[in-house]
Peer 1: 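I'd like to ask you about the structure that follows.
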Amino acid sequence: AHAETLEARCQVPVYACQRRTLLAHRNQTLTEVLQTMAEEAHFCGSEARSLAFSRAASVLKSLPWTVRRVQELRSLPCLGEHSRRIIQEVLEDGASAEVERVKHSERYQAMKVFTKIFGVGVKTASRWYQEGLRTLADLQAHRAKLSKEQEFGLLHYDDLNTPVERSDAEAISQVVRDAVGQCLPGASVTLAGGFRRGKQTGHDVDLLLTHPTEGQEVGLLKKVISWLDKQGFLLYHSSRRNTFQAFEDPELWSRSSASGMDHFERCLSIFRLRLPGGVQISAGAQKPGGAVTGSGVSSFWKAVRVDLVVTPFSQFPFALLGWTGSKNFERDLRRYSKHEKKMALNNHVLYHLEQKIFLTAASEEEIFQHLDLEYIPPEERNS
Ligand code: DCP
Ligand code: MG
């Protein structure tokens with residue numbers, strides 16, 4: 001009865017960017033099964049279905065009570081028939097037969113193993129599955145043609161699939177801060193992504209670099225990478241230049257931003273993180289055996305995925321908002337901007353589609369103000 005009173009009183013907004021979602025929530029069991037279904041749909045290329053399950057999970061994460069009966073879901077948004085059915089099964093039987101079938105299916109398991117390789121997406125993983133491959137050992141025996149990125153992904157598979165601890169993220173931020181300080185005094189390094197939302201672990205470290213004098217940031221990334229490389233911090237890196245064109249058709253960005261891609265100068269890297277207490281080993285030293293064989297246990301360093309993103313100062317608040325996540329929060333911010341405010345938001349700018357003007361912002365708070373949204377701090381963006 002208490003839950004139903006809460007439900008009656010609780011108007012859950014449709015857009016994730018209108019909800020406050022803390023990391024710890026009350027419906028873990030249900031959100032996990034829905035996220036498995038979202039992942040499975042994504043593995044099948046059914047993005048709409050995947051999105052529906054993600055949105056359902058996201059709504060449950062924001063609830064101030066634990067759902068015990070399916071009737072409590074009556075007035076909630078974003079809960080489609082399929083999600084409700086699965087939730088009901090879990091509530092009544094303790095598990096959903098459909099979700100169990102998915103989790104144990106050969107395809108889901110193989111896709112999971114392959115997509116966990118850095119640089120491998122659903123398309124490549126599906127192709128390997130079609131070709132009859134199922135495991136990493138199959139992949140190696142088959143001598144599948146790999147990109148440079150994938151080769152490193154496979155080599156450091158175990159490390160890159162070990163959660164990155166907050167202390168690792170802080171240590172790497174500090175190393176990058178030292179590098180940036182050497183290359184361009186006054187430039188700043190900001191930890192974004194899940195760690196900024198308060199997560200204790202993550203799959204990578206997302207760092208934003210900028211300088212308060214616009215233009216000074218040009219050329220910074222090359223110097224930083226070269227410094228890090230010389231010090232032996234990089235196992236792999238690949239950079240992309242800035243391709244943002246301020247005078248391009250704003251209608252185009254609103255579309256390209258839907259995929260979560262931006263145009264900043266960026267470096268995808270694999271860091272060689274020295275572990276505290278370990279003896280110093282010379283730069284370039286290799287772990288005994290490949291990561292795939294699982295014999296890298298006794299080493300004093302670990303491989304960590306790090307993204308370095310350089311932003312011009314005037315775009316920094318947009319980049320910070322975009323790179324803080326969560327993905328559900330970002331997606332809904334863009335959707336809300338477009339449909340409720342007739343504005344196009346991406347990681348670079350906010351553009352009013354009818355007034356045809358750019359709305360500038362010096363902070364994330366100002367962006368929320370432009371959008372008539374209550375400010376939601378990073379810790380409450382875990383939708
Ligand atoms: N992002 C983006 N454009 C990209 C890549 C990422 O806007 N080309 C955004 C999406 C996420 C945020 O940056 O909201 C961080 O991406 P991650 O995949 O690292 O997600 P998290 O940091 O939230 O998760 P994890 O803790 O697993 O690293
Ligand atoms: Mg991250």
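All figures in this text were calculated on a predicted structure; none of them were measured in a lab. Just follow the structure's listing: the first ligand is 1, and inside any ligand the first atom is 1.
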Peer 1: By number and element, which atoms of ligand 1 are closer than 4.0 Å to a non-hydrogen atom of Gly325?
Peer 2: 14 (O)
Peer 1: Does any N or O atom in Gly194 lie less than 3.5 angstrom from one in ligand 1, N or O only?
Peer 2: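 By distance alone, the answer is yes.
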Peer 1: Which atoms from ligand 1 have a heavy atom of Gly202 less than 4.0 Å away?
Peer 2: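 Once the distances to Gly202 are compared, the set is 26 (O).
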Peer 1: Would you say Leu321 and Leu333 make side-chain contact, with heavy atoms under 4.5 Å?
Peer 2: yes
Peer 1: Parallel, tilted or perpendicular, judged at 30° and 60°: which one describes the rings of Trp227 and Phe233?
Peer 2: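 Parallel.
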Peer 1: Identify, by atom number and element, the atoms of ligand 1 in contact range of Arg197, meaning under 4.0 Å from any of its heavy atoms.
Peer 2: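 Close to Arg197: 23 (O).
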Peer 1: Does the gap between the ring centers of Phe152 and Phe118 come in under 6.0 Å?
Peer 2: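 No.
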Peer 1: With the side chain counted from C-beta on, respond yes when Phe318 and Thr360 share a heavy-atom pair under 4.5 Å apart, and no when they do not.
Peer 2: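 Side chain of Phe318 against side chain of Thr360, heavy atoms only: no contact under 4.5 Å found.
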Peer 1: State whether Asp206 and Arg196 are salt-bridged, where the test is any N-O pair (Lys NZ or Arg NE/NH1/NH2 against Asp/Glu carboxylate O) under 4.0 Å.
Peer 2: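 Salt bridge between Asp206 and Arg196, a charged N being under 4.0 Å from a carboxylate O: no.
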Peer 1: Within the 4.0 Å heavy-atom shell around Gly193, which atoms of ligand 1 are there?
Peer 2: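 Those qualifying, in numeric order: 22 (O).
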Peer 1: Short list, please: which atoms of ligand 1 are under 4.0 Å from a heavy atom of Asp204?
Peer 2: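 What qualifies from ligand 1 is 19 (O), 28 (O).
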Peer 1: Is Arg68 paired with Glu72 through a side-chain N to carboxylate O contact shorter than 4.0 Å?
Peer 2: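 So Glu72 does not pair with Arg68 through a salt bridge.
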Peer 1: Are any of the N/O atoms in Thr201 less than 3.5 Å from those in ligand 1?
Peer 2: no
Peer 1: Which is closest to atom 24 (O) of ligand 1 in terms of heavy atoms, Arg196, Arg305, Lys199, His263?
Peer 2: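 Among Arg196, Arg305, Lys199, His263, the closest heavy atom to atom 24 (O) of ligand 1 comes from Lys199.
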Peer 1: Hey, which N, O or S atom on Asp206 ends up closest to the Mg ion (ligand 2)?
Peer 2: OD2
Peer 1: Can you check whether Phe244 and His348 have ring centres sitting under 6.0 Å from each other?
Peer 2: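 Phe244 vs His348: aromatic centres under 6.0 Å.
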Peer 1: Assess the pair Phe53 and His82: is the distance between their ring centroids shorter than 6.0 Å?
Peer 2: yes
Peer 1: Which of the atoms of ligand 1 are close to Gly322, meaning less than 4.0 Å from one of its heavy atoms?
Peer 2: 7 (O), 9 (C), 13 (O), 14 (O)
Peer 1: Can you list the atoms of ligand 1 that are under 4.0 Å from a heavy atom of Glu330?
Peer 2: 14 (O)
Peer 1: Indicate if Ile357 and Ile367 have the same hydrophobic cluster label, given that clusters are the connected sets of ILVMFWY residues with side-chain heavy-atom separations under 4.5 angstrom.
Peer 2: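 In one cluster: yes.
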Peer 1: Below 4.0 Å, non-hydrogen atoms only: which portion of Asp206 touches ligand 1? Side chain, backbone, both or neither.
Peer 2: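 Side chain only; the backbone of Asp206 stays clear of ligand 1.
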Peer 1: Any N/O/S atom from Asp307 (main chain or side chain) under 2.8 Å of the Mg ion (ligand 2)?
Peer 2: no
Peer 1: If you round to the nearest 0.5 Å, how far is CZ of Phe300 from CG of Leu275?
Peer 2: 9.5 Å
Peer 1: Could you check which N/O/S atom of Asp204 is closest to the Mg ion (ligand 2)?
Peer 2: OD1
Peer 1: Where on Asn347 is there a heavy atom closer than 4.0 Å to ligand 1, on the side chain, on the backbone, on both, or on neither?
Peer 2: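 Side chain only; the backbone of Asn347 stays clear of ligand 1.
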Peer 1: Answer with side chain, backbone, both or neither: which part of His203 has a heavy atom less than 4.0 angstrom from an atom of ligand 1?
Peer 2: both
